[in-house]
Amino acid sequence: MNTILQEQVLSVFRLNCKQKRATVARGTDVVVTAGAGSGKTSTLVARYLHLLTDGLEPRRIAAITFTKKAAFEMQSRVRIKIEELKTKSGSEQEQAFWSHLAEEMDGARIGTIHSLCAEILRNHPAEAGVD
C-alpha cells in the first residue's frame, strides 16, 4: 500500500523533475531554496506527505520555516492536501490512513526554528540546564 499512497501524493501535485527529486529523496536532509512563487512550499508539502506514507507520524517530522506566516501556510496546505487525498482514496484502508493523519496533525512540528527550540527546552529543561 505504501507505493500506492506515494503515487497518490505525487498525483495531487504538479512537480518538475527537481521538485520530484526533493519530494522522494530518502536518507538525506533536503533544503529547498528558490525565488518567490517558484513552488517551494508545494515541494515541501509534497515531501512532508510523502514521508508520512513511509509510516512516519507527523510528530516525528520537523518542518522548519523562517516565519510564523510561512509555517501557518505550510500546515494549512498539508491539511488541505490530506483532505484531498482522503477524498480521492480508492479504498477504505487508504481513506482510514489519511483520516488518521488528519487527526494527528495537531501534534505536527511545523514551525519556525524558534518554536522548535522553545518546545525542546520546555520538554527537556534539565538536560538543557534551564530552571
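Note that this is a predicted model, so its numbers are computed, not measured. Side chains are part of it too, since the values below use all heavy atoms of this structure and drop only hydrogens, waters and symmetry mates.
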**Prompt:** Quick check: does any side chain N or O of S89 sit under 3.5 Å from a backbone N or O of S91, one acting as donor and the other as acceptor?
**Reply:** no
**Prompt:** Ion pair present between R59 and E119, side-chain N to carboxylate O less than 4.0 angstrom?
**Reply:** yes
**Message:** Are F97 and L101 packed together at the side-chain level, in the sense that at least one heavy-atom pair is separated by less than 4.5 angstrom?
**Reply:** yes
**Prompt:** Where do F66 and I113 land on the side chain to side chain contact (heavy atoms under 4.5 Å, CB included) test, with the steps shown first?
**Reply:** CA-CA 7 Å; F66 285 108; I113 189 69; over 6 Å; no
**Message:** Please say yes or no: joined through hydrophobic side-chain contacts below 4.5 Å, possibly via intermediate residues, are V32 and I64 part of one cluster?
**Reply:** no
**Message:** Are L56 and L5 connected into the same hydrophobic cluster when the rule is that any two of I, L, V, M, F, W, Y join if their side-chain heavy atoms are below 4.5 Å apart?
**Reply:** yes
**Request:** Using a 4.5 Å cut-off on heavy atoms from C-beta on, say whether the side chain of F13 contacts that of K81.
**Result:** yes
**Message:** Taking the side chain as everything from C-beta on, heavy atoms only, tell me whether K88 gets closer than 4.5 Å to Q8.
**Reply:** no
**Asked** Roughly how far apart are L116 CG and H114 NE2, rounded to 0.5 Å?
**Response** 11.0 Å
**Prompt:** Where is the tightest heavy-atom contact between M74 and A63, given as atom of each residue plus distance?
**Reply:** CE-CB, 3.7 Å
**Item:** Residues E57 and R60 bridged, charged N to O under 4.0 Å
**Value:** no
**Complete:** CD of Q6 to OG of S11, rounded to nearest 0.5 Å, is 12.0 Å
**Item:** Nearest heavy atoms of V78 and I110, plus distance in Å
**Value:** CG2-CD1, 4.3 Å
**Asked** Are a donor atom and an acceptor atom from the side chains of E83 and W98 found within less than 3.5 Å of each other?
**Response** no
**Prompt:** Can you tell me how far OG1 of T53 sits from CD of E94, rounded to the nearest 0.5 angstrom?
**Reply:** 11.5 Å
**Message:** Is there a side-chain contact between V31 and T33 in this structure, where contact means two heavy atoms from C-beta onward sitting under 4.5 Å apart?
**Reply:** yes
**Asked** So, for T28 and A25, which heavy atoms are closest and what is the spacing to 0.1 Å?
**Response** CG2-CB, 4.1 Å
**Message:** For the OG atom of S115 and the CZ atom of R109, what is their distance to the nearest 0.5 Å?
**Reply:** 10.0 Å
**Request:** Can you establish whether the number of heavy atoms outside E127 located under 6.0 Å from its atom CD is more than 12?
**Result:** yes
**Request:** Flag the pair K69 and E73 as a salt bridge only when some basic side-chain nitrogen lies within less than 4.0 angstrom of an acidic carboxylate oxygen.
**Result:** no
**Complete:** Heavy-atom nearest pair, K68 first then T112, reads N-CG2, 3.6 Å
**Message:** Can you tell me how far apart CE (M105) and OG (S76) are? Round to the nearest 0.5 Å.
**Reply:** 10.0 Å
**Fill in**
Value for CD1 (I4) from CD (Q93), rounded to nearest 0.5 Å, stands at 8.5 Å
**Message:** If I compare all heavy atoms of G111 with all of A71, which pair ends up nearest, and what's the gap?
**Reply:** CA-CB, 3.5 Å
**Request:** Report the residues that fulfil side chain to side chain contact (heavy atoms under 4.5 Å, CB included) with A22, sequence neighbours left out, ordered by chain and then residue number.
**Result:** V30, T43
**Request:** With sequence neighbours left out, write down each residue that passes side-chain hydrogen bond (donor to acceptor under 3.5 Å, both in side chains) with Q75, or none if nothing qualifies.
**Result:** none
**Of all pairs that satisfy salt bridge (charged side-chain N to carboxylate O under 4.0 Å, His left out), the ones with a partner from residues 9-36, not counting sequence neighbours** = R26-D54
**Message:** Under a 3.5 Å cutoff, is there a donor and acceptor pairing between the side chains of T41 and R77?
**Reply:** no
**Message:** Quick check on the hydrophobic clustering: are I80 and L49 connected, directly or via other members, by side-chain heavy-atom contacts under 4.5 Å?
**Reply:** no
**Asked** So which heavy atom on V9 is nearest to which on H50, and how close?
**Response** CG1-N, 4.0 Å
